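Input: a single structure, listed below in structure tokens.
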Amino acid sequence: MHRRTLIALSAVATALISTAAFSQSAGEVRIAHIYSKTGPLEAYGKQTATGFMMGLDYATGGTMTVAGKKIVVIEKDDQGKPDLGKSLLAAAYSDDKADIAVGPTASGVALAMLPVAEEYKKILLVEPAVADSITGDKWNKYIFRTGRNSSQDAISNAVAVDKAGVTLATLAQDNAFGRDGVKAFKDSVKKAKLVHEEYLPAATTDFTAGAQRLIDKLKDQPGRKIIWIVWAGAGNPFKIADMDLKRYGIEIATGGNILPAMTSYKNFPGMEGAAYYYFGIPKNPINDAMVAQHYKQFKTPPDFFTAGGFSAAMAVVTALKNSKGDASANTLIKTMEGMSFDTPKGKMTFRKEDHQAMQSMYHFKIKVDPAFAWGVPELVREIKPEEMNVPIRNKR
């Protein structure tokens, strides 16, 4: 009799714990934000985290609740390491009971995390990792991305430099980000001639040998000659300009970047490219609010990846409003496919075929303004989503 009583009490206790856990999770939406708090892309990760929390605050009107549920954010540091990112995501889904994950910063980490989302059948919203393969051949239906992909970068940059009579060479990091970026750029170039691809280790600080190879390939080419740079994190590839590129009539072109990296752009007035974001370009109430809040909090403007984190938050809150707080993956997939949402860059839409956010990019020309420590990207024109034929690279 004593043993049967213990079993009965144990069953009651288990039921009570289960009910408590259910009622707690029923009143919450748990979001794991996995990003590079430390590591080579720490600056990018910190901006994303700032933007994400700022965006959640804005989207929920300061309540941090959506559809009657409290938003709980669990932060994890992947240090830019693929294996660590993979294990942290598994732990977030299983131990932390995360409904949704956001991140990571590095493309290599994102590629390691994709199968985990599929295994646990939960949403992973990729921001800001860029490699095309994330929404391409490595994609699965649980993956959405607010961040731009390599093709969006490449197509918009090609708008700036792909002209008849131009000879191009590329300089990129030898990793998923760099190689996907160059592949997408090559696919986008239709009029110019591409004669060389230079890949260097991600942590390169001495660019002399790579620059010499680029010069040797370009110096005897007729017409306009441009080196297009795709680079992230440490190292300053713009040091190649110290090798007197002007002597050979060689120019540099690149995309936008974080403000500290754009200090070197001051040496290249008139340089053209295309940017994902610059705080002074988009004209809309959400960007105005983010810029004002960032100045208030940090006495500085929001940066490249701050806008991305904010956009991810807008996507999450919009989806949860539309799903009436249902954070189950199947409901969110149906809700988010084809969903449009407002961001600091204007309207974005998740393309149904691969869940990539279609978004504007900005063709710029660098202006030197003594009021700013960086080269200022002045808008030439907004390149709208419908102008960019962004390939669908998955096998859906």
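What you see is a predicted model; the values in this text were computed from it and never measured. Only heavy atoms go into these numbers, but all of them, side chains included; no hydrogens, no water, no symmetry mates.
Connection of V380 to Y265 is not established within any shared hydrophobic cluster, with ILVMFWY side chains joined at heavy-atom distances below 4.5 Å, either directly or through further cluster members. V161 and L245 are not part of a single hydrophobic cluster, where members link through side-chain heavy atoms under 4.5 Å apart. Cluster annotation: Y276 and V291 are assigned to the same hydrophobic cluster (Ile/Leu/Val/Met/Phe/Trp/Tyr, side-chain heavy-atom contacts under 4.5 Å, transitive). A single hydrophobic cluster is seen to contain both I250 and I366, as judged by linkage of ILVMFWY side chains at heavy-atom distances under 4.5 Å, directly or through other members. Linking ILVMFWY residues whenever their side-chain heavy atoms come closer than 4.5 Å, directly or via other members, places Y295 and L259 in the same cluster.
Between L41 and P104, every side-chain heavy-atom pair lies at or beyond the 4.5 Å cut-off. Counting only heavy atoms from C-beta outward, the side chains of L114 and I134 approach each other to under 4.5 Å. By the 4.5 Å heavy-atom criterion applied to side chains, H196 and L218 are not counted as neighbours. Contact check for F304 versus N257: no side-chain heavy atoms found under the 4.5 Å cut-off. By the 4.5 Å heavy-atom criterion applied to side chains, F238 and N267 are not counted as neighbours. Put simply, the side chain of V116 does not reach to within 4.5 Å of the side chain of S94, judged on heavy atoms. Within the 4.5 Å cutoff, no side-chain heavy atoms of L89 are placed close to those of K86. Counting only heavy atoms from C-beta outward, the side chains of P391 and D187 never approach each other to under 4.5 Å.
Using a 4.0 Å cut-off between charged nitrogen and carboxylate oxygen, E28 and K97 do not count as a salt-bridge pair. A salt bridge links R179 with D174: the closest approach of a Lys/Arg side-chain nitrogen to an acidic carboxylate oxygen falls below 4.0 angstrom. Taking 4.0 Å as the cut-off between side-chain N and carboxylate O, R393 and D180 do not count as a salt-bridged pair.
Of the possible polar contacts, one joining the K266 side chain to the F372 backbone as a donor-acceptor pair under 3.5 Å is found. A donor-acceptor pair under 3.5 Å is formed between the side chain of K163 and the backbone N or O of A160. No donor-acceptor pair under 3.5 Å is formed between the side chain of K345 and the backbone N or O of D342. Looking at S107, its side chain does come within 3.5 Å of a backbone N or O of V130 through a donor-acceptor pair. Not one N or O on the side chain of Q173 forms a donor-acceptor pair closer than 3.5 Å with the backbone of W231. Formation of a donor-acceptor pair under 3.5 Å by the D369 side chain with backbone atoms of A371 is found in this model. D303 places no side-chain N or O within 3.5 Å of a backbone atom of T306 that could act as its donor or acceptor partner. Side-chain N or O atoms of Q212 include none that pairs as donor or acceptor with a backbone N or O of A209 at under 3.5 Å. Between the side chain of R145 and the backbone N or O of A129 there is at least one donor-acceptor pair closer than 3.5 Å. In this structure, the side chain of T254 engages the main chain of I229 through a donor-acceptor pair within 3.5 Å.
Side-chain N/O atoms of T208 and D206 include a donor and acceptor closer than 3.5 Å. Donor-acceptor pairing under 3.5 Å is recorded for the side chains of E75 and Y35. Side chains of D78 and S36: a donor on one and an acceptor on the other come within 3.5 Å. No hydrogens or angles considered: nothing links the side chains of N322 and T335 as a donor-acceptor pair under 3.5 Å. Side-chain atoms of S328 and D326 include a donor-acceptor pair closer than 3.5 Å.
Of the inter-residue distances, the one linking N394 atom CG with D132 atom CG reads 11.0 Å to the nearest 0.5 angstrom. Atom NZ of residue K69 and atom OG1 of residue T60 lie 15.5 Å apart, to the nearest 0.5 angstrom. From E119, atom CD reaches atom CG of N140 across 11.0 Å, with rounding to the nearest 0.5 Å. Atom CD1 of I383 sits about 7.0 Å away from atom NE2 of H363, to the nearest 0.5 Å. If you take NZ on K37 and CG on D77, they are separated by 6.5 Å, rounding to the nearest 0.5 Å. Separating the CE atom in M339 from the OG1 atom in T318 is a distance of 5.0 Å, to the nearest 0.5 Å.
The shortest heavy-atom contact between K122 and Y142 is O-CB, 3.3 Å. Smallest separation of non-hydrogen atoms from N287 and N284: N-OD1, 2.7 Å. Of all non-hydrogen atoms in P385 and Q359, the two that sit nearest each other are CG-C, 3.5 Å. Shown here for N157 and G273, the closest heavy-atom pair between the two residues is OD1-CA, 3.6 Å. Across all their heavy atoms, S133 and L111 have their closest contact at OG-CD2, 3.6 Å. Among all heavy-atom pairs drawn from T349 and G338, the shortest one is CG2-O, 3.6 Å.
Atom NZ of K384 has 12 or fewer heavy atoms from other residues, nucleotides or ligands within 6.0 Å. When the shell of 6.0 Å around NZ of K46 is examined, it contains 12 or fewer heavy atoms from other residues, nucleotides or ligands. The environment of D95 atom CG is dense: over 12 non-hydrogen atoms of other residues, nucleotides or ligands sit within 6.0 angstrom.
Between F350 and F144, the ring planes are perpendicular. Angles over 60° get that label, and only those under 30° would be called parallel. Ring-plane geometry between F310 and Y58 is classed as tilted, the angle between the planes lying from 30 to 60 degrees on a 0 to 90 degree scale.
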- request: Please test L56 against V317 for side chain to side chain contact (heavy atoms under 4.5 Å, CB included), starting from the C-alpha separation and ending with a verdict.
  value: CA-CA 7 Å; L56 288 176; V317 174; 3.8 Å; yes

field: E198 vs K217, salt bridge (Lys or Arg N to Asp or Glu O under 4.0 Å): CA-CA, chis, key distance, verdict
entry: CA-CA 10 Å; E198 184 67 33; K217 292 289 183 181; over 6 Å; no

Derivation of the side chain to side chain contact (heavy atoms under 4.5 Å, CB included) call for M358 and Q152: CA-CA 9 Å; M358 299 291 102; Q152 287 165 317; 3.8 Å; yes

query: Does the side chain to side chain contact (heavy atoms under 4.5 Å, CB included) test come out yes or no for Y93 and L124, once each step is laid out?
result: CA-CA 10 Å; Y93 287 145; L124 170 60; 3.8 Å; yes

message: Please evaluate residues V159 and M361 with respect to the criterion side chain to side chain contact (heavy atoms under 4.5 Å, CB included), reporting the C-alpha separation (whole Å), side-chain torsions for both, the decisive distance (0.1 Å), and the verdict.
response: CA-CA 10 Å; V159 166; M361 300 288 279; over 6 Å; no

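Exactly one residue among V316, L332, I143 makes a side-chain contact (heavy atoms from CB on, under 4.5 Å) with L125. That residue is V316. With E337 as reference, H355 is the one residue of K352, K141, H355 to meet the side chain to side chain donor-acceptor pair (under 3.5 Å) rule.
Among residues at least two apart or in separate chains, ring pair (Phe, Tyr, Trp, His ring centres under 6.0 Å) pairs with a member in residues 157-194 are F185-W228. Sorted by first then second residue, the side chain to side chain donor-acceptor pair (under 3.5 Å) pairs that include residues 241-251, not counting sequence neighbours, are R224-E251.
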